[in-house]
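In what follows, a single structure is set out as structure tokens and then discussed.
All ligand and atom numbering here is 1-based and tracks the order in the structure.
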Amino acid sequence: MALHGFSVTFREQLLERLRSERFDVLVIGGGITGAGIALDAVSRGLKVALVERDDFASGTSSRSTKLIHGGLRYLKQLEFGLVKEVGSERAVVHNLAPHLVIPEKMLLPLSEGKSLGYLITSLGLKLYDWLANVKKADQRRMLTRPQTLRYEPLLKKDFIKGGAIYAEYRTDDARLTLEVMKKAFQLGALCVNYVAARDFLYEDKHIAGARVIDELTGEELDLQATAVVNATGPWVDDLRTADGSLSGKHLHLTKGVHIVVPRERLPVQQAIYFDVNDGRMIFAIPRGRVSYIGTTDTNYQGDKDHVVATVEDAEYLIRAVNDTFPSVHLSLDDIESSWAGLRPLIHEEGKSASELSRKDEIFESSSGLISIAGGKLTGYRKMAERVVDLVVDRYFAEHVLRECFTHRIRLAGHTFSGYQDVVKYREEVARQLSDVGLDARTAEYLVANYGQQTNLILRNFLQQDAALDKDLALILSELWFCFHHEMIVTLVDFFLRRTGLLNFDIMRVERWKAEVTEELARYSGWSAERKTAEINALDALISEARIGNRQGQTASR
Ligand SMILES: Cc1cc2nc3c(=O)[nH]c(=O)nc-3n(C[C@H](O)[C@H](O)[C@H](O)COP(=O)(O)OP(=O)(O)OC[C@H]3O[C@@H](n4cnc5c(N)ncnc54)[C@H](O)[C@@H]3O)c2cc1C
């Protein structure tokens, strides 16, 4: 289950290979789209390199609502094809990583004057289940008013006229991206973070690779490839511009913000998808010791590298919660953490942010650059299949390559035969942890994050100094695992994208950041200056995430 070589320790060897070898496909961008393409291409037999200019999943793929969902609201926009594809993908992605893509029943309250009618909702959800081929036990169930209020007693009672329960899945977007990336690497794709594409290389006006820069040393290298895929999400048009091919359709970025509050401040009993006064819908999702709320959807023209969650964004979400759950009285001071991300959508003249389609689209330039934009986390596998089909068609039609079979490539080395196995494994981990005084929530967190890779973490944990605080020993074991098997380069990589702690357990970050920094500095051989820079970068993110501490200012990530 351990993945050899996916560690910064091997960075020099990986860069040397990037420098000296020729690749069938170069993928630029290490979000879920790039990771999916790398896995699909390498598993079919192509020689693949992937470069990510920051950390894997540092773009939109760590800033989503973290749902593997069919997109119920796209039914309203009559996007049946999209709902069918992403809806069907939910069960597929769940089977690929059942510990990480976890079934989550969603409550849809229907309220007077805001929601669609009971009958239309009932028919809509039936269609949703049918399009996505949802198995009988998981199909939607309509609820009466008293039933809805029993499911969620916090709801504003006066206006509720009924509700529905339907099936979705929740995940951790950054970890899903990372597990897809790790699998691609394991099958032979050369995936490296902190390497940015600066320019393209051409032979006879046809794209033939890219000039990239090692962001850690500033060294430039030329990377030769037959096909080049631009999977840079919100930055797709920047690379199309560098290729001189930005014409016709272009990106339209919209910003989405999430806020995180302690569970006791919004003790919803389960995930809930509710109407807002302006006609939009937002989620409130309980997760471990917190609940998170999102999202906004506003046009964005600002700095893509510095996405800002304003106090105004947070106030919009708080107002929506307080209108729907009147006894809660959330305020900015309740916000523990937050994040903001950009949707890389395709522009359509005259449409508002919320009306824009979430469908993906592929652009092929006259130089041969293949760019992909739009889409959803949930549909990453099918997007990758379409891109790789095109690459094969253009360049490798004469070769004997396998058809796409990523629906059968399990992630995170799991051997679970179904979700029941995950539950049993989680109970077993909880038993082991309770022997050393750690609670069941820790087991839930470990298994959701790492699946059966938790065994490696626990093995390391048992070898730690018995005198250490147990929670510290555990986080150091997570660090050991992520350093040796998950290509962390910075402190933020660990605290934000490998563990999700900066989003969902910021207290744990504050509690152990000094000790974790020391240990990572020891592994990485950091100088005193580098250590200070790493701590400063982490502290900046912590204070930015806490919108409530900075009323009248802005938060950025
Ligand atoms: C607020 C919000 C909520 C969402 N919620 C959901 C949800 O619940 N479920 C769902 O299915 N979808 C959701 N989505 C959509 C989903 O998150 C995105 O479709 C998906 O993450 C996009 O992934 P990507 O890989 O295309 O882009 P990104 O994740 O942004 O990856 C692009 C990568 O390219 C890198 N890059 C840029 N330029 C270069 C360069 N020159 N060289 C090398 N690398 C470069 C960037 O650093 C970045 O990491 C949500 C989106 C938003 C914004």
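- For atom 31 (O) of ligand 1, the nearest protein heavy atom (residue, atom name, distance) is Gly31 CA, 3.4 Å.
- For ligand 1, the polar-atom distance check finds no N/O of His258 at less than 3.5 Å from any of the ligand's N/O atoms.
- Cation-pi geometry between Arg140 and Tyr128 is not satisfied (NZ or CZ under 6.0 Å from the ring centre, within 45° of the ring normal).
- In the displayed structure, Lys105 atom NZ is contacted under 6.0 Å by more than 12 heavy atoms of other residues, nucleotides or ligands.
- Residue, atom and distance of the protein heavy atom nearest to atom 26 (O) of ligand 1 are Thr33 OG1, 2.6 Å.
- Ligand 1 places these atoms under 4.0 Å from at least one heavy atom of Gly341: 53 (C).
- The environment of CD in Gln301 is sparse: at most 12 heavy-atom neighbours from other residues, nucleotides or ligands sit within 6.0 Å.
- Taking distance alone, with nitrogen or oxygen atoms compared against 3.5 Å, Trp235 stays at or beyond that limit from ligand 1.
- In this structure, a donor-acceptor pair under 3.5 Å is present between the side chains of Thr254 and Asp297.
- Tyr380 and Asp360 are not linked by any side-chain donor-acceptor pair at a separation below 3.5 angstrom, with hydrogens and angles left out of the test.
- Here the protein heavy atom with the shortest distance to atom 43 (C) of ligand 1 is Arg53 N, 3.3 Å.
- No more than 12 heavy atoms of other residues, nucleotides or ligands sit less than 6.0 Å from atom NZ of Lys84.
- The atoms of ligand 1 that sit less than 4.0 Å from any heavy atom of Gly375 are 19 (O).
- Contacts with ligand 1 closer than 4.0 Å are made by side-chain heavy atoms of Ile28 only, the backbone lying farther away.
- Atoms of ligand 1 lying under 4.0 Å from any heavy atom of Ala231, numbered from 1 in the order shown and given with element: 32 (C).
- Proximity to Val51 (heavy-atom distance under 4.0 Å) selects the following atoms of ligand 1: 43 (C), 44 (N).
- In this structure, Arg498 fails the cation-pi test against Phe6, since its NZ or CZ atom is not both closer than 6.0 Å to the six-membered ring centre and inside 45 degrees of the ring normal.
- Taking distance alone, with nitrogen or oxygen atoms compared against 3.5 Å, Asp54 stays at or beyond that limit from ligand 1.
- Of all atoms in ligand 1, numbered sequentially from 1 with element shown, those under 4.0 Å from a heavy atom of Thr60 are 17 (O), 18 (C), 21 (O), 28 (P), 29 (O), 30 (O), 51 (C), 53 (C).
- Remark: ligand 1 and Leu239 share no N or O pair separated by less than 3.5 Å (distance only, no angle test).
- Residue Pro234 has at least one heavy-atom neighbour below 4.0 Å for each of these atoms of ligand 1: 30 (O).
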Output a table of donor-acceptor pairs, distance under 3.5 Å, between side-chain atoms of residues 25-39 and any protein atom two or more places apart or on a different chain; print 'none' if there are none.
none

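- At the shortest separation from atom 35 (C) of ligand 1 among protein heavy atoms lies Glu52 OE1, 3.2 Å.
- For ligand 1, the polar-atom distance check against Pro344 finds no nitrogen or oxygen pair separated by under 3.5 Å.
- The proximity of Leu342 to ligand 1, defined as any non-hydrogen pair under 4.0 Å, is limited to the backbone.
- By the 30° and 60° cut-offs, the orientation of the rings of Tyr445 relative to Tyr450 is perpendicular.
- Between the side chains of Thr65 and His258, at least one donor N or O lies within less than 3.5 Å of an accepting N or O.
- The aromatic ring centres of Phe80 and Trp130 sit 6.0 Å or more apart.
- Closest protein heavy atom to atom 5 (N) of ligand 1: Thr65 N, 3.0 Å.
- Of the N or O atoms in Leu377, one or more lie within a sub-3.5 Å distance of an N or O in ligand 1.
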Report, one line per pair, each donor and acceptor closer than 3.5 Å where one atom sits in a side chain of residues 222-229; sequence neighbours left out.
{"unit_1": "Asp222", "atom_1": "OD1", "unit_2": "Arg211", "atom_2": "NE", "d": "2.7"}
{"unit_1": "Asp222", "atom_1": "OD1", "unit_2": "Arg211", "atom_2": "NH2", "d": "3.4"}
{"unit_1": "Asp222", "atom_1": "OD2", "unit_2": "Arg211", "atom_2": "NH2", "d": "3.0"}

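- In terms of protein heavy-atom proximity, atom 6 (C) of ligand 1 is nearest to Ser64 CB, 3.5 Å.
- Remark: ligand 1 and Ala197 share an N or O pair separated by less than 3.5 Å (distance only, no angle test).
- Under the 4.5 Å side-chain criterion, counting only non-hydrogen atoms from C-beta, Thr298 is not in contact with Val257.
- For the pair Asn503/Asp172, no side-chain contact is recorded, criterion being any heavy-atom separation below 4.5 Å from C-beta on.
- Counting heavy atoms under 4.0 Å from ligand 1, residue Arg358 does not touch it at all.
- Between the side chains of Asp313 and Thr296, no donor-acceptor pair is found at a separation under 3.5 Å.
- Atom 21 (O) of ligand 1 has as its closest protein heavy atom Ser61 OG, 3.0 Å.
- Remark: among candidates Arg343, Lys376, Lys66, Arg63, the nearest residue to atom 53 (C) of ligand 1 is Arg343, based on non-hydrogen atoms.
- The contact set between ligand 1 and Thr295, taken as ligand atoms under 4.0 Å from a residue heavy atom, comprises 1 (C).
- Thr378 OG1, 2.6 Å is the protein heavy atom nearest to atom 11 (O) of ligand 1.
- Less than 4.0 angstrom separates some heavy atom of Thr232 from each of these atoms of ligand 1: 32 (C), 34 (O), 36 (N), 37 (C), 38 (N), 39 (C), 45 (C).
- Under the side-chain contact (heavy atoms from CB on, under 4.5 Å) test applied with Ser64, the options Asp173, Thr171, Thr295 reduce to a single match, Asp173.
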